[in-house]
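Here the structure comes first, spelled out in structure tokens, and everything after it is commentary.
We name chains A, B, ... by the order of the sequence lines, and we start the count at 1 in each one.
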Amino acid sequence: MSREPQKLDSGFYDRKDVVKIARELLGKILVTRRDGIRCSGRIVETEAYAGINDRASHAFGGRRTTRSEHLYGPPATAYVYICYGTHPLFNVITNKKDVPHGVLIRALEPIDGVDQMLIRTGKPIADFTLTKGPGNLSRALGISKLDSGGSLFSDEIFIEDDGLRYKKIQVGITKRIGVESAREDAELPYRFIVKGNPYVSARKS
DNA sequence: CGACCGATCGTCT
DNA sequence: GACGATCGGTCGA
């Protein structure tokens, strides 16, 4: 089932179906290495943002601004933007340069570096809120807006595959969180979760 | 330059 | 389940 972790290569990111990639990112391991300390967690919740035709995307209608510039970057770029003034949200860019496809990482199950995550978040103990929700996981792993535009082939932030695969029955598919203003696109089944995982954000589907 | 809003979170009920 | 904090980004004037 499990093997030595390998960094995902360009063949994973440069595909056209961002919804499929969002599904396949479940079970992969997001890693940051900062100050010689490795922090990592298994991805258990994702959302796809499908480019200029997706009303929930920052790139809807071809909009391209200072904030969303890195959404248009080459595959395996990190796109990090600030939400509600304080929360960095981490996205994986896919497809090809100038095609603004991204996958928002919404929750992790911690693996390495929990002590460092506690320091970064200021939490006294490692409860499920440590890496539940996109803002929380960014803080725990030390991801900030400064990371936006960086490559996921770097040694600072990257994604690994250790061979773990979730079965179809373990995966839940729902509409996305917090995108009510996207009208009909708010109903798209673009959110993927590991059923029953305590780190998945508990929200109404 | 000012007004508005948000891919959230924590707290309170 | 509801609500307010909080501030960067965006857009209009």
Side-chain angles (χ1 to χ4, degrees), chain A residues 18-19 21-23 25-26 30 41 43-73 77-95 99-110 117-150 152 157 159 172-194 197-205:
Chain A
V18 67
V19 178
I21 294 172
R23 160 66 181 87
L25 278 169
L26 293 181
L30 176 61
I43 297 169
V44 296
E45 178 178 359
T46 62
E47 285 177 358
Y49 286 83
I52 64 174
N53 296 316
D54 180 353
R55 287 186 172 276
S57 170
H58 294 155
F60 176 66
R63 208 161 57 104
R64 186 165 179 160
T65 64
T66 305
R67 175 180 66 163
S68 63
E69 177 58 26
H70 297 138
L71 185 46
Y72 289 79
T77 296
Y79 169 46
V80 184
Y81 76 97
I82 302 297
C83 187
Y84 290 93
T86 51
H87 310 294
L89 270 57
F90 173 76
N91 294 255
V92 176
I93 299 308
T94 67
N95 204 304
V99 176
H101 286 185
V103 178
L104 173 66
I105 307 301
R106 291 192 55 91
L108 303 175
E109 181 179 300
M117 296 186 201
L118 291 174
I119 291 170
R120 289 199 182 107
T121 58
K123 292 179 188 285
I125 56 164
D127 60 15
F128 295 133
T129 69
L130 187 62
T131 51
K132 179 203 293 264
N136 287 335
L137 76 86
S138 292
R139 216 172 341 138
L141 267 64
I143 296 170
S144 77
K145 198 184 70 163
L146 298 174
D147 295 304
S148 198
L152 298 179
I157 305 185
I159 300 175
I173 308 176
T174 78
K175 63 185 180 184
R176 293 170 291 185
I177 302 293
V179 296
E180 295 76 15
S181 61
R183 304 193 345 201
E184 67 271 23
D185 289 345
E187 302 301 318
L188 291 169
Y190 283 2
R191 175 171 174 253
F192 298 89
I193 66 172
V194 176
N197 188 287
Y199 291 91
V200 171
S201 51
R203 296 290 192 88
K204 51 213 170 195
S205 66

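Heavy-atom nearest nucleotides on DNA chain B were determined for Val179(A) and for Thr129(A), and the one closer to the 5' end corresponds to Val179(A). Summary of the strand contacts: Asn91(A) and Lys123(A) both lie near DNA chain B, and taking for each the nucleotide with the nearest heavy atom, the more 5' one is attributed to Asn91(A). Where Lys145(A) and His87(A) meet DNA chain C, the nucleotide closest to each residue was compared, and His87(A) sits on the side nearer the 5' end.
Under the stacking criterion of a centre-to-centre distance below 5.5 angstrom and an interplanar angle below 30°, Tyr49(A) sits stacked against the six-membered ring of dA7(B).
One atom, NZ of Lys132(A), and another, P of dA7(B), lie 21 Å apart when rounded to the nearest Å. If you measure from atom OH of Tyr79(A) to atom P of dG9(C), you get 10 Å, rounded to the nearest angstrom. The distance from atom CG of Leu89(A) to atom C1' of dG9(C) is 14 Å, rounded to the nearest whole Å. Rounded to an integer number of Å, the gap from CZ of Arg67(A) to P of dC4(B) is 18 Å. Between the CG atom of Leu130(A) and the P atom of dG10(B) there is a distance of 11 Å, given to the nearest Å. Going from atom CZ of Arg106(A) over to atom C1' of dC9(B) covers 11 Å, rounded to whole Å. In this structure, Arg63(A) places its CZ atom 9 Å from C1' of dG9(C), rounding to the nearest Å. Straight-line distance from the CZ atom of Phe90(A) to the P atom of dT8(B): 16 Å, rounded to whole Å.
Between the side chain of His58(A) and the base of dA7(B), a donor-acceptor pair under 3.5 Å is found.
In this structure, dA7(B) forms no base pair with any nucleotide, since neither Watson-Crick nor G-U wobble geometry is met with both distances under 3.5 Å.
Residue Thr66(A) has its side chain nearest to dT10(C) when only dA7(B), dT10(C), dT8(B) are considered.
The CD1 atom of Ile177(A) sits 10.5 Å away from atom CG of Leu104(A), with the distance rounded to the nearest 0.5 Å.
A cation-pi arrangement is absent between Arg23(A) and Phe192(A) under the rule of less than 6.0 angstrom and at most 45 degrees off the ring axis.
With sequence neighbours excluded, the residues satisfying side-chain contact (heavy atoms from CB on, under 4.5 Å) with Leu188(A) are Arg176(A), Asp185(A), Tyr190(A).
In the model, His58(A) has a side-chain atom that pairs as donor or acceptor with a side-chain atom of Tyr79(A) under 3.5 Å. With no hydrogens or angles considered, a side-chain donor-acceptor pair links Thr174(A) and Arg191(A) at under 3.5 Å.
Side-chain atoms of Thr131(A) do not come within 3.5 Å of backbone N or O of Ala107(A) as any donor-acceptor pair.
Shown are Val92(A), Leu152(A), Ile143(A); of these, the side chain to side chain contact (heavy atoms under 4.5 Å, CB included) with Leu30(A) is made only by Ile143(A).
The stretch residues 133-140 of chain A touches DNA chain B through Gly133(A), Pro134(A), Gly135(A), Asn136(A), Arg139(A), each having a heavy atom within less than 4.0 Å of the strand.
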